[in-house]
Amino acid sequence: MSDDGPPAETVGPFLRGLAVLGELAGHRASAVPAGELARATGIARSTLDRTVGTLAELGLVRVEDHRVTHTGALALPGNAFLASTRGLSGPVGAMADALAEEVDESVALSVPDGDSVRLAHLALRRRVVRVGFRPGDRLPVGRAAAGVLLTPGNGSPGPDGETGPARDGAGGVSRTGEGGGEPGLVSVAVQLSPWPGEDPVGALSVVSHRARHDTDSLRADLLPRMRECAAVMEERLRSDPGADGPHDDGRWWDATALHAAKERLGAEFVESLARGPAVIAALETGRHGTTPAAVSRLLGLPRASVRRALFSLRYTGHAVEEAGRWRLTPRVLGLGHSRATRMTLADIARPHLVALAGRVGESASLTVPAGPEGAEIRYVARVATERIMSADLGPGTRFPAYPTASGRVLLAGRDPIGRARALRAIEPRALTSHTVTDPARLTALLDEVARDGYAMGNEELEVGLRSIAVPVRNGRGGTGEVVAAVNLAMPAGRRDPRRARAELLPALRRAVEAIERELVPAARLHRVPTD
């Protein structure tokens, strides 16, 4: 970035938007006062409010009580880069997951980012002491093995093809117990170099703790298997040319959607800023990038507007141009990818549950499957109202699935074989005089729920309690796996079933759509924990 200020061909509002996202991503607090963002970025408060408002309309941030926080949708820019690596996120990421399962250690994929290294994928093992990094984070150069391998000047290839600092010997093994690393962690890394004569695209690392391995045992036990895995990964990368154009999670920012937002919000929506994230999403292409003309056709935007957005990304280091073709750089991961991949399903849903409960005046909850074959439900988030009956349903509370609206939604969302298995694992008993226990009737009810897309519980779990629930899916537009359910609970005397459907179901579905808009990009390339 030049000290002389941005060139005239860049887009000032887009540069300000990138500055806000970068500052928000690097802030220690998850919610940052707008005034503090204005001071840190040097943007006038009125201008910052319009910038943040536009980013919020795009779904990248949320504003509550003049405090700005990230959302799960902030994974979108990083997703575009990771998908453009042709496998360091998807197919190759799945291979890293399998290796982690095989060796019972955490496995990471990292990419070079100029004079630093960023984590692209992480398969964590459940440990008391575990890796504290997340995809998008910078790694401690010189202390993490991947940083040694991928950072220029940190070592030269040895006779066996490995690279590492002289102090650690061959193998790229490095302790991370001091400086920027986690105390006691050790790692070993191998390069991923699919194309001879070109720089490595990344590194495969195994990370362990000194209680289980020292650097010598880590190399001896795991390095041969890692080399085998890296060779398969490289072959996979060579065989995938990629595809032009973004995944569906970026298509809702095309010209039509941006113009509609401008007409609705007027001057408060900065369209020249909003085009920038759309262009980032459109740069999800093969490793050789794409042309401004292709981006223009894809988004329906004028070619001149696309080129100015691209020039802005080049100025900030988020994109590069080679022979007229543009591609993203790993720096895009610094726009909040690490924040987004740290979010749990409960984190994503909670603000929408708060809004839903406030809108309809009933308690809202998020539940996930639990128990053998998903025969139970577990509450992971709940927003209660003062009007609710005295039910204490905090996170962690479990109930059988069969007599609850949420449980029926989760059971109905399974494939027929999984649903049948779950029903065989259930031993229904009458909890109230209204509880359905007949297996044939339960099967018919689940078929109805799968058809209608919602379920109602009418005093089957507790006398006087009625609830209505809809599924949460990890795919856009009603696609994908049912991973959770959102329900509203109320005293049965307040609304009969017909009135509950008419008054609550539309609001419930809108809340779930808002949750899915964040969940889909957050879950596309990384597992989202339930809580």
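The basis for the numbers below is simple: all heavy atoms, side chains too, and nothing from hydrogens, waters or symmetry mates. Numbers for residues simply follow the sequence, beginning at 1.
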If we ignore hydrogens and angles and just use 3.5 Å, is the side chain of [X] paired with the main-chain N or O of [Y] as donor and acceptor?
{"X": "Glu518", "Y": "Ala73", "value": "no"}
{"X": "Ser312", "Y": "Val11", "value": "yes"}
{"X": "Ser110", "Y": "Leu119", "value": "no"}
{"X": "Asp113", "Y": "Ser116", "value": "no"}
{"X": "Arg236", "Y": "Val92", "value": "no"}
{"X": "Ser205", "Y": "Ala145", "value": "no"}
{"X": "Thr71", "Y": "Gly59", "value": "yes"}

Spacing of [atom1] belonging to [X] relative to [atom2] belonging to [Y], to within rounding of 0.5 Å:
{"X": "Leu345", "Y": "Thr367", "atom1": "CG", "atom2": "OG1", "value": "10.0 Å"}
{"X": "Ser106", "Y": "His209", "atom1": "OG", "atom2": "NE2", "value": "11.5 Å"}
{"X": "Ser338", "Y": "His70", "atom1": "OG", "atom2": "NE2", "value": "9.0 Å"}
{"X": "Arg527", "Y": "Asn474", "atom1": "CZ", "atom2": "CG", "value": "12.5 Å"}
{"X": "Ile280", "Y": "Leu18", "atom1": "CD1", "atom2": "CG", "value": "6.0 Å"}
{"X": "Glu376", "Y": "Ile426", "atom1": "CD", "atom2": "CD1", "value": "9.5 Å"}

Check whether any side-chain heavy atom of [X] sits under 4.5 Å from a side-chain heavy atom of [Y], and report yes or no.
{"X": "Val482", "Y": "Arg414", "answer": "no"}
{"X": "His318", "Y": "Leu335", "answer": "yes"}
{"X": "Leu283", "Y": "Arg327", "answer": "no"}
{"X": "Pro77", "Y": "His337", "answer": "no"}
{"X": "Leu82", "Y": "Val332", "answer": "no"}
{"X": "Thr51", "Y": "Thr41", "answer": "no"}

Legend entry - Pairs where residues 189-206 contributes a residue and the test salt bridge (charged side-chain N to carboxylate O under 4.0 Å, His left out) is met, not counting sequence neighbours: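 As it turns out, the salt bridge (charged side-chain N to carboxylate O under 4.0 Å, His left out) pairs with a partner in residues 189-206, which skip direct neighbours, are Glu198-Arg287.
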Legend entry - Partners meeting side-chain contact (heavy atoms from CB on, under 4.5 Å) with Arg378 (sequence neighbours left out):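 Val368, Ala370, Val380, Arg398, Thr530, Asp531.
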Can you tell whether the side chains of [X] and [Y] come within less than 4.0 Å, N to carboxylate O?
{"X": "Arg424", "Y": "Glu373", "value": "no"}
{"X": "Arg524", "Y": "Glu284", "value": "yes"}
{"X": "Arg238", "Y": "Glu235", "value": "yes"}

Would you mind writing out the side-chain donor-acceptor pairs for residues 96-103 within the sub-3.5 Å range, not counting sequence neighbours?
{"unit_1": "Asp97", "atom_1": "OD1", "unit_2": "His121", "atom_2": "NE2", "d": "2.9"}
{"unit_1": "Glu101", "atom_1": "OE1", "unit_2": "Arg125", "atom_2": "NH1", "d": "3.2"}
{"unit_1": "Glu102", "atom_1": "OE1", "unit_2": "Arg225", "atom_2": "NE", "d": "3.2"}
{"unit_1": "Glu102", "atom_1": "OE1", "unit_2": "Arg225", "atom_2": "NH2", "d": "3.3"}
{"unit_1": "Glu102", "atom_1": "OE2", "unit_2": "Arg225", "atom_2": "NE", "d": "2.8"}

